[in-house]
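Remember, it's a predicted structure, so these values are computed and weren't measured experimentally.
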Amino acid sequence: MNRKYEEMGKDPAWYKKLLFVDIFIQENRLHSVFDRYNDMSVKQWLLLAVCQAFDTPPDLSTLAETMGCSRQNVKKIAVCLERDGYITLEKSPEDARALCVNRTEKGIQYTKEREAFKNKVHDVLYQEFTDEEIEQYYKLSLKMMNGIDYLEAYFAKTKTDQKDSKK
């Protein structure tokens with residue numbers, strides 16, 4: 001490519017490439033900063049936060065779907081949290097094969113104590129955004145989530161088409 005970087009920066013195709021890479025870089029940086037300065041990994045914190053959103057203890061599969069990762073990944077995180085006393089893993093009353101995640105008193109207390117900290121984290125992270133930009137970012141984030149759904153459907157179809165062509 002002979003085009004200058006500044007010219008590429010004006011091209012929507014270049015923006016798409018850069019934004020795609022930035023998603024992963026931002027995720028990695030957030031993980032690194034959070035994990036370095038906190039007593040719990042960002043994934044562990046996320047699991048506790050997601051559990052808080054449910055009226056009844058969610059099972060591992062429900063948490064995996066909500067968090068956007070595999071059930072195995074959620075179980076690995078949950079086992080660490082259980083070991084540290086933040087949750088317990090118990091068989092579901094509806095399905096003996098399913099494990100439900102119950103926050104312990106320690107887990108509930110941790111969440112309560114971290115509320116002010118969480119608010120400060122949000123203030124620091126979004127300090128360069130106006131309220132209008134935050135609203136726009138939220139709307140764009142919803143569109144990105146839809147795009148991820150479309151991408152997942154595309155990959156699933158491609159995989160099915162590849163299997164069918166090998167028959």
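- Here CG of Asp95 is found 9.0 Å from SG of Cys100. Values are rounded to the nearest 0.5 Å.
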Criterion side-chain contact (heavy atoms from CB on, under 4.5 Å) on Phe54 and Leu63, from CA distance to verdict: CA-CA 10 Å; Phe54 289 91; Leu63 285 171; 4.3 Å; yes

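- Smallest separation of non-hydrogen atoms from Asn73 and Ser70: N-OG, 3.0 Å.
- The minimum heavy-atom distance linking Val42 with Asp35 is given by the pair N-OD1, 2.8 Å.
- The heavy-atom pair separating Met40 from Phe34 by the smallest distance is O-CE2, 3.4 Å.
- Counting only residues at least two apart or on different chains, the salt bridge (charged side-chain N to carboxylate O under 4.0 Å, His left out) pairs with a member in residues 147-161 are Lys157-Asp161.
- In this structure, Leu89 and Ala78 approach most closely via the heavy-atom pair CD2-CB, 3.9 Å.
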Residue pair Leu48, Arg114: steps toward the side-chain contact (heavy atoms from CB on, under 4.5 Å) verdict: CA-CA 11 Å; Leu48 278 179; Arg114 300 298 281 190; over 6 Å; no

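- The salt bridge (charged side-chain N to carboxylate O under 4.0 Å, His left out) contacts involving residues 67-94 comprise nothing, where partners must be two or more places apart or lie in separate chains.
- Relative ring orientation between Tyr86 and Tyr110 is described as perpendicular, the plane-to-plane angle rising above 60° on a 0-90° scale split at 30° and 60°.
- For the atom pair Ile108 CD1 and Glu105 CD, the distance stands at 5.0 Å (nearest 0.5 Å).
- To the nearest 0.5 angstrom, Leu81 atom CG is 13.0 Å from Lys43 atom NZ.
- Taking all atoms of both residues into account, the shortest heavy-atom contact from Ala64 to Val74 is CA-CG2, 3.5 Å.
- For the residue pair Phe24 and Phe20, the shortest heavy atom distance occurs at CD1-O, 3.2 Å.
- Residue Arg36 places its CZ atom among more than 12 non-hydrogen atoms of other residues, nucleotides or ligands, all under 6.0 Å distant.
- Here Tyr154 pairs with nothing under the ring-ring contact (aromatic ring centres under 6.0 Å, His included) rule; sequence neighbours left out.
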Thr62 and Asp59: CA distance, side-chain angles, deciding distance, side chain to side chain donor-acceptor pair (under 3.5 Å) verdict: CA-CA 5 Å; Thr62 301; Asp59 63 50; 3.0 Å; yes

Listing, residues 117-125 side-chain donor-acceptor contacts under 3.5 Å, not counting sequence neighbours, or none:
residue, atom, partner, partner atom, Å
Lys118, NZ, Glu115, OE1, 3.3
Lys118, NZ, Glu115, OE2, 3.4
Asn119, ND2, Glu115, O, 3.4

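- Other members of the hydrophobic cluster containing Tyr138, listed by chain and number, are Leu142; membership follows side-chain contacts under 4.5 Å among ILVMFWY residues, whether direct or relayed.
- Around atom CD of Glu133, more than 12 heavy atoms belonging to other residues, nucleotides or ligands sit under 6.0 Å away.
- Remark: Tyr37 engages no residue in a ring-ring contact (aromatic ring centres under 6.0 Å, His included) (not counting sequence neighbours).
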